[in-house]
Amino acid sequence: MPTNHPLRTEPEAERTIIGGLLLSAINGDDQCSETVFANLVAADFAEPECRTMFAAMQRLHAAGRPLEHGLLVSTLKADGMENPAGNLLEAAQRVATTASIGHYVRVVADAARQRKAFCVVNDTLHGLRNCKGEVGNVLAKLLAQLPTTPTASSHGPILTCLADVEPRPVSWLWPERIPAGRITLLVGRPGEGKSFLTTDATARVTTGTPWPDGSDCPQGSVLLLTAEDDPADTIRPRLDAHHADVRRVHLLSAVRRVDDDGPHDRMITLADVDAIEATLKRLPDCRLIVVDPIGSFLGGRTDAHRDNEVRGVLAPIAALAEKHGPAVLVVAHRRKSAGSIADDLALGSRAFTGIARAVWHLTRDAEDKARRLLLPGKNNLAREGDGLAFSIIGEPPRIAWEREPVAMSADDALAVECQSREQKPGPDAEAFDAASDWLRLALADGPRLAKELKDEWRDGQDGSERTLRRARQSLSVEVFRPEVPGSWWWRLPDKVANDPEDKQLGHLGHLAENSKNMPIFDPVECKVAKFQQLGHLGPLGPNRVRVTI
């Protein structure tokens, strides 16, 4: 088959496969070599050097001989290769792990099938070119339209002119926070509430409930890869507490392989790209993939502290997400060491934060340990937005979001944390009492704009926002928006609420906006929000909406 063709070639994938075979020979990884030789032949390689090296490896493998370096060099010299040792060394240096070798095998095989199809069509048209009559004229015109000069050679750079790239907007699962078709990293210490956060996100995606900031959430299925929580006593109860549609939640825990001894099940890893892609094909409406935690799914041979090995595992997953469209939310633990940049504290290699398009950090409020802060790290696709705050309440426990955003970044929180190691955080009693008295007086005549109050407190009283927030919580000040979207207001409560759930009902998103009425919460009905004159609300019915708070 000729190598001069106008279709794509995959030189990087071809060289990676050669390097993977060399590495598997060193590590004694028979599964890697069996995967490659069972799915590829030498003719599948467009690069002449790769084709020659693979053909030699294939002959040795078929003869039951090892892919030993010296034996390969002598074999390749006999095949006419001028610098076999240098070519083998270059291929070996490109690969640090064989975890994703199956992905590269599919890439090369797919490109080979395309080239073969082109050649078949091209040869057929050439054969019919001399056909007399109308059919021959049509086929001759069709042949003339096919490219006759190669767009890429077997060697050299592959260039893409940006004038040929069609611009498109970024697709979002959670606007400006979690991009669709990309990897997002969630970083936090154990026990901070990362799994609760992923459960809340799962519930919103499966029901189409708006996000805590009121933005729309597309409805679809969720795929969970989770290793630390039991499905029966932890995952399902939490999903029920958040009112998820569990019919749309699927747990991918193992992969089955069949060999001469029969079927064998083993724990899924991110190297099982083929199994994950097969799952996505069975779930075409999948909007979110949760990997919790990432360290449990890298595979035993991947060093989480080496950039090239981490990228070797995550790059195929990133390509898979872009191809099929779901957002990938990867949960990572935070390292114990201190630092000044929050993104650098993700446990393991910097490749985790490097390949992610957005990074979010979950930490506890330094002044209120029951309050969790979801704070922004890097964001390559949008501006650095505000953070959010929530508490974990109830039994079974669930998330209760606060209405107002948090004007703090993850680096800001880290600076406060570092300062707290030297001195106890928070305002002293005198400043707190002064803030409470000032706020009570400022709200005595009725509701006020939150921004106006904060500006007066900061500029007129020279007070800190943290002190004002503690005073607001102490007085049970109600935070609300008369119109959605619209500005936030504060007002003193008619009576002090005793139930923390009454203080943190969470933002209802577009439900309140669409209703044109204020929601009425019936404590007997366990927070079933009643609205008048609502449109179609899906399977929950026209009269009531269950709202996750």
Side-chain angles (χ1 to χ4, degrees), residues 1-5 8-112 115 150 152-158 271 273 299-303 306-316 319 349 351:
M1 182 178 66
T3 57
N4 288 349
H5 48 77
R8 67 182 176 93
T9 59
E10 297 290 346
E12 294 298 318
E14 291 181 8
R15 296 183 187 117
T16 299
I17 289 173
I18 299 299
L21 287 172
L22 295 172
L23 182 61
S24 68
I26 296 173
N27 295 334
D29 184 2
D30 294 334
Q31 182 179 352
C32 171
S33 57
E34 291 298 334
T35 298
V36 174
F37 291 125
N39 292 280
L40 295 175
V41 295
D44 293 332
F45 290 76
E47 287 270 304
E49 290 86 357
C50 291
R51 191 185 317 115
T52 301
M53 287 188 286
F54 187 84
M57 291 176 167
Q58 196 171 36
R59 292 200 307 272
L60 292 174
H61 176 75
R65 306 183 69 182
L67 304 183
E68 189 267 329
H69 181 267
L71 182 58
L72 274 173
V73 169
S74 60
T75 302
L76 291 170
K77 283 184 177 179
D79 291 341
M81 181 173 283
E82 293 185 357
N83 184 22
N87 289 329
L88 290 172
L89 178 62
E90 190 274 337
Q93 289 177 336
R94 329 174 44 85
V95 181
T97 176
T98 60
S100 302
I101 198 70
H103 167 73
Y104 294 106
V105 167
R106 287 192 300 277
V107 169
V108 171
D110 193 42
R115 294 195 300 271
S153 63
S154 299
H155 301 277
I158 300 176
V273 184
R301 296 182 177 179
T302 302
D303 187 344
R306 298 187 62 178
D307 281 13
N308 56 347
E309 296 193 20
V310 170
R311 290 184 182 275
V313 173
L314 291 184
S349 162

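None of the values given here were measured: they were computed from a predicted structure. Just so you know, residue 1 is the first one in the sequence shown, and it goes up from there.
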Heavy-atom pair of closest approach, residues R115 and A43: NH2-O, 4.4 Å

Judged by atom type as modelled, is there a donor-acceptor pair below 3.5 Å linking the side chain of N87 to the main-chain atoms of P84? no

How close do I101 and G20 get, counting heavy atoms only, and between which atoms? CD1-CA, 4.2 Å

Are any side-chain N or O atoms of N39 and backbone N or O atoms of T35, one a donor and one an acceptor, separated by less than 3.5 Å? yes

Looking only at heavy atoms, the pair that brings A85 and V73 closest together is CA-CG2, 4.2 Å

Straight-line distance of F54 CZ to I17 CD1, nearest 0.5 Å: 7.5 Å

As an exercise, state the distance from CD of E12 to CD of E10, rounded to the nearest 0.5 Å. 9.5 Å

Measure the shortest side-chain to side-chain distance between L60 and P66 over non-hydrogen atoms and say whether it is less than 4.5 angstrom. no

Side-chain heavy-atom pair L88, M81 within 4.5 angstrom cut-off: no

In this structure, CG of L76 is separated from CG of L71 (nearest 0.5 Å) by 9.5 Å

Nearest non-hydrogen partners of S33 and L21, listed with the distance: CA-CD2, 3.9 Å

Is there side-chain contact between H61 and E34, with at least one heavy-atom pair below 4.5 Å? yes

With a 4.5 Å heavy-atom cut-off, do M57 and I18 have their side chains touching? yes

Side chain to side chain donor-acceptor pair (under 3.5 Å): pairs with one or both residues in residues 63-78, sequence neighbours excluded: none

Quick check: closest heavy atoms across A112 and D44, and the distance to 0.1 Å? CB-OD1, 3.5 Å

If we ignore hydrogens and angles and just use 3.5 Å, is the side chain of E14 paired with the main-chain N or O of A46 as donor and acceptor? yes

